[in-house]
Amino acid sequence: MQHAFYKWIPALVCLAILLSPQGAVCGAESRTLVISGFNEDDVTRQFLALHPDIRIRYDDEKQLSADRLIQAMITRDHACDIFVINNDWGLDALGRKGYFFDLSGSEAIAALCRGWYPQVRDALSVGSKIIAYPIALSMDVWGIDTSLSTLCPLFTPPQDFLSFLQGLQSNEDIRDTFGASYVIEVPGRERLMRKLVQSVLLSGEQSAVQANFNQDAFLLCAETIRKMPEPEPVDEYLYDVLYQLPTYLSLSQDLLDPNSPYTLTAPAPLFRGQTPAIETVLTVMVVNPYSQNADLALEYLQFRTTHETPKTAYLLSPKPSKPLENPAYQGLRAERQKRIASLTALLEDAPPEEAYELREQIDLLARESAREHSRWIISPECLAAYRAIAPSMYIVKGSPLLGVGGEGLFATIAQAVPPYLQHQIDAAQLAEQLTQKAGFLYAESQ
């Protein structure tokens, strides 16, 4: 009788697992989702924790690239279910050829899409189809510390690219005279030329006209850059010193950073008075139309719609209107106040040598309380600044000159700029080379 009971043990174990709250099914086949171009994030870990029957495999055997993505679509490769790409990898062109699974059948995704910024919605849609799900947004945005304007009369927002270059030229004098810096580190001349070319391209893209470098604004800026000395290498010690200086302009700024002293602003346009355009890139998930697991891929994306980080939701949609406070802040603030009271009590009977250190600690805690350190995940100031610049976002859609599609032009820049900076060709010849290459790429893309 005892031996008969042991025969039932495996069955009883399976039954227990079947009825367990986790819902894992004994002997059931796990489902596998294959994602390329992605590293596991918190949202994915939450999804897997709630779905123990699902596995996610990350296809990293080959580096995902725009060419590999196109090849997978052309050959109808179904090995990968979801590709994670940037929208400037030809998303719009591939979407118009029907190469991505339509996500509009999901009401959760469709409802989210209706709330996105119009530029985001337009970049990720083809007609009534939603071809991609966004998980991140980045902008080529600058930052300005407006509080320094009273320190130095030369600290004014650059109105055009030439005034930006003039600010760079005066950086050393500003640093020596006012103990502040226009920028932390003056960019090299080739980097400035690339930024100048990007400014011309954005100007053309906005106007839906072919980029033309044969214009006075470009020629004057190019000549100004060539006259600038190449910045000398900065040793590690001096770089640390420069970082401690008050700095007016940041050429690379994180979005919605509550601890940043900078107010977000668009990069200087080519022309004074021109409507700013901020080059914006979306990181998106697209479902392979040839996937054998499209239903599972859609289930995963639907889960993401309600579990993305708050920052992502604020960046993609104008709807969130209230600042977001750190839920742990009030507790931290109470602990800080309690610590101040405790140190103050010790101060009454402390000998002079200990009293000084106690006062230092109390002052530090008081300053942290005054500036509400760590209070905000998304502060009122950050939110207002982002909402002010968001309408200027320019999301590249199938441009032959910007993004991955523009590598041909940037290869020309890499070839033409060094001879220009070395005075082997003049600004007019450089402009003509770039204009001809831009025209060739436009014609080739038609």
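A donor atom on one side chain and an acceptor atom on the other are found under 3.5 Å apart for S147 and D145. With 3.5 Å as the limit, one finds no donor-acceptor pair spanning the side chains of D53 and S30. Between S149 and T146, the side chains place no donor N or O within less than 3.5 Å of an acceptor N or O (distance only, hydrogens not considered). No hydrogens or angles considered: nothing links the side chains of Q433 and Q429 as a donor-acceptor pair under 3.5 Å. Judged purely by distance below 3.5 Å, without hydrogens or angles, the side chains of S181 and R175 never pair a donor atom with an acceptor atom. Residues Q253 and S260 bring a donor and an acceptor atom of their side chains to less than 3.5 Å of each other.
Under the 3.5 Å distance criterion, the side-chain polar atoms of S317 are left unmatched by any main-chain donor or acceptor of A313. Between the Q159 side chain and the P157 main chain, a donor and an acceptor come within less than 3.5 Å of each other. Without hydrogens or angle criteria, S199 side chain to L270 main chain gives a donor-acceptor distance under 3.5 Å. Using a distance-only test at 3.5 Å, with no hydrogens or angles considered, no donor-acceptor pair links the side chain of N87 to the main chain of V284. Checking side-chain atoms of D426 against main-chain N and O of A428 turns up a donor-acceptor pair under 3.5 Å. Side chain of Q119 to main chain of P391: a donor-acceptor pair is present (N/O by atom type, distance under 3.5 Å, no hydrogens or angles). Checking side-chain atoms of K129 against main-chain N and O of G98 turns up no donor-acceptor pair under 3.5 Å. Judged purely by atom type and a 3.5 angstrom limit, S170 has no side-chain atom pairing as donor or acceptor with the backbone of D173. At distances below 3.5 Å, not a single donor-acceptor pair connects side-chain atoms of N288 with backbone N or O atoms of F83.
Using a 4.5 Å heavy-atom threshold, the side chains of L196 and L165 count as separate. M73 has its side chain within reach of P289: a pair of non-hydrogen atoms, C-beta onward, lies under 4.5 Å apart. Residues I395 and V120 have side chains in contact (heavy-atom distance under 4.5 Å, counting atoms from C-beta outward). In this structure the side chain of T177 never reaches within 4.5 angstrom of the side chain of C152, judged on heavy atoms.
Ionic pairing of D77 and R68 is not present here: no N-O contact between side-chain nitrogen and carboxylate oxygen is shorter than 4.0 angstrom. With respect to R359 and D363, no salt bridge is recorded, no charged nitrogen being found less than 4.0 Å from a carboxylate O.
Residues A110 and I130 approach most closely at CA-CD1, 3.8 Å, considering heavy atoms. Counting all heavy atoms, side chain and backbone alike, F38 lies closest to I135 at CE1-CD1, 3.9 Å. Closest non-hydrogen pair, G95 versus I131, comes out as CA-CD1, 3.9 Å. The minimum heavy-atom distance between P187 and L251, with the atom names listed, is CG-CD1, 3.6 Å. Across all their heavy atoms, D41 and R304 have their closest contact at OD2-NH2, 2.7 Å. For the pair R226 and Y420, the tightest heavy-atom approach, listed with the atom from each and the gap, is NH1-O, 2.9 Å.
For E172, the CD atom is loosely surrounded, since the number of other residues' heavy atoms within 6.0 Å does not exceed 12. Summarising the local packing, CD of Q337 is surrounded by more than 12 heavy atoms from other residues, nucleotides or ligands at distances under 6.0 Å.
Residues forming a salt bridge (charged side-chain N to carboxylate O under 4.0 Å, His left out) with R45 (at least two apart in sequence, or on another chain): E40, D42.
The ring pair (Phe, Tyr, Trp, His ring centres under 6.0 Å) analysis of residues 161-188, with sequence neighbours excluded, yields the pairs W142-F164, F161-F164.
In summary, of the residues considered (V286, L124, L112, I109), a side-chain contact (heavy atoms from CB on, under 4.5 Å) with L103 occurs for I109 alone.
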Exercise for the section: Please assess D81 against R31 for the test salt bridge (charged side-chain N to carboxylate O under 4.0 Å, His left out), listing each intermediate value before the final yes or no. Expected result: CA-CA 12 Å; D81 302 307; R31 297 179 292 167; over 6 Å; no

